[in-house]
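Structure first, commentary second.
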Amino acid sequence: MKAPTSLIVGRDDDDVVELNRDAFELLESPKEIPKEMESVPNATHPFAEPGALERVAELSGARFPRQLGARALR
């Protein structure tokens with residue numbers, strides 16, 4: 001099964017950023033099923049920093065309407 005994929009990572013967590021980059025490169029994704037990787041500035045893996053989790057929610061929330069809208073048009 002292929003599905004749109006969004007990886008969100010805390011920019012200040014070097015190990016997790018590298019792991020996500022590796023995983024991102026391994027994802028097979030045709031153009032009609034996009035993949036994205038975004039980072040949250042001044043954040044680490046648990047997103048415990050002030051405002052970090054809210055930014056994750058914003059990034060996630062923006063992704064779903066784009067994908068649902070694109071799939072609904074097919």
*asked:* side chain to side chain contact (heavy atoms under 4.5 Å, CB included) for S60 and I8? Distances and angles first, verdict last.
replied: CA-CA 8 Å; S60 298; I8 302 173; 3.4 Å; yes
*To the nearest 0.5 Å, how far apart are CD in E54 and CZ in F47?*
12.0 Å
*Measuring from E58:CD to L53:CG, what's the distance to the nearest 0.5 Å?*
10.5 Å
Considering all heavy atoms of both residues, which atom of [X] and which atom of [Y] are nearest to each other, and what is their separation?
| X | Y | result |
| --- | --- | --- |
| P4 | I33 | N-CG2, 3.3 Å |
| K35 | L27 | NZ-O, 3.2 Å |
| M37 | V9 | CE-CG1, 3.8 Å |

*Linking I/L/V/M/F/W/Y whenever their side-chain heavy atoms sit closer than 4.5 Å, directly or via other members, would L7 and L59 fall into one cluster?*
no
*Indicate yes or no for a side-chain donor-acceptor contact from R55 to the backbone of S39 under 3.5 Å, with no hydrogens or angles considered.*
no
*Decide yes or no for E49 and N42: does some side-chain heavy atom of the first lie under 4.5 Å from some side-chain heavy atom of the second?*
no
